[in-house]
Novice: 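One structure coming up, written as C-alpha cells, with questions to follow.
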Amino acid sequence: ELFLNPNFSLEEAAKELKLTKHILSQYVNEVLGKSFSSLIKEYRIDKAKKLLETETNYTIENLGYDSGFNSKSAFFTAFKKTTGLTPAEYQKTYFK
C-alpha cells in the first residue's frame, strides 16, 4: 500500500513498476481515464472508508493521516468531494 505514504509520487510508482513516468502517466490517463493524483486519492479515500467502518477509537483526523493524506484539510476536502459526506457523517451513516 505505497499510496499510504503522503509523498508517494508518479516517479515512485513508475520505479516500483519498472516503467517510465511517461508510460505510467499515459496508461492511467488513457486506460483508466483519470490523472495519477486522482487515482491515488481514490485509493486513499477507499482506505479511509474502510478505517471509518472498522475503527471507532481513532480520531477522524488520524484516519486521514493513516490513509495517506498529509493534512486534515486535504483529507476532509477530498473525502467530501468524493463521497458527498464528511468523514464523520459517513461514519454515522455506516454505524446506524
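The basis for the numbers below is simple: all heavy atoms, side chains too, and nothing from hydrogens, waters or symmetry mates. Note that the structure is a prediction, hence the values are computed from the model and not measured.
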Novice: Could I get the full list of salt bridge (Lys or Arg N to Asp or Glu O under 4.0 Å) partners for Glu30, not counting sequence neighbours?
Specialist: none

Novice: Shortest non-hydrogen contact from Ala78 to Lys41?
Specialist: CB-CD, 3.7 Å

Novice: Distance check, rounded to the nearest 0.5 Å: Lys50 atom NZ versus Lys47 atom NZ?
Specialist: 7.0 Å

Novice: Should His22 and Gln26 be marked as a side-chain contact (heavy atoms from CB on, under 4.5 Å) after you check the CA-CA gap, both sets of side-chain angles, and the distance that decides it?
Specialist: CA-CA 6 Å; His22 175 75; Gln26 187 175 14; 3.6 Å; yes

Novice: Is there a side-chain contact between Phe75 and Arg44, using heavy atoms and a 4.5 Å cut-off?
Specialist: no

Novice: Linking Ile, Leu, Val, Met, Phe, Trp and Tyr through side-chain heavy atoms less than 4.5 Å apart, which residues share a cluster with Val28?
Specialist: Leu2, Phe3, Leu4, Phe8, Leu10, Leu17, Leu19, Ile23, Leu24, Tyr27, Val31, Leu32, Phe36, Leu39, Ile40, Tyr43

Novice: If you round to the nearest 0.5 Å, how far is NZ of Lys72 from CG of Asn62?
Specialist: 10.5 Å

Novice: Counting only N and O atoms by type, is there a donor-acceptor contact under 3.5 Å from the side chain of Gln91 to the main-chain atoms of Glu55?
Specialist: yes

Novice: So, for Pro6 and Asn70, which heavy atoms are closest and what is the spacing to 0.1 Å?
Specialist: CB-CB, 3.6 Å

Novice: Using 0.5 Å steps for rounding, measure from the CD atom of Glu12 to the CG atom of Asn7.
Specialist: 7.5 Å

Novice: Does NZ or CZ of Lys80 fall inside the cone over Phe76's six-membered ring, less than 6.0 Å from its centre and within 45° of the axis?
Specialist: no

Novice: When you measure from the side chain of Thr83 to the backbone N and O of Phe79, does any donor-acceptor pair fall under 3.5 Å?
Specialist: yes

Novice: When hydrophobic residues are tied together by side-chain contacts of less than 4.5 Å, even through go-betweens, does Tyr65 share a cluster with Ile45?
Specialist: no

Novice: As a test of understanding, state which of Asp66, Leu51, Leu52 forms a side-chain contact (heavy atoms from CB on, under 4.5 Å) with Tyr58.
Specialist: Asp66

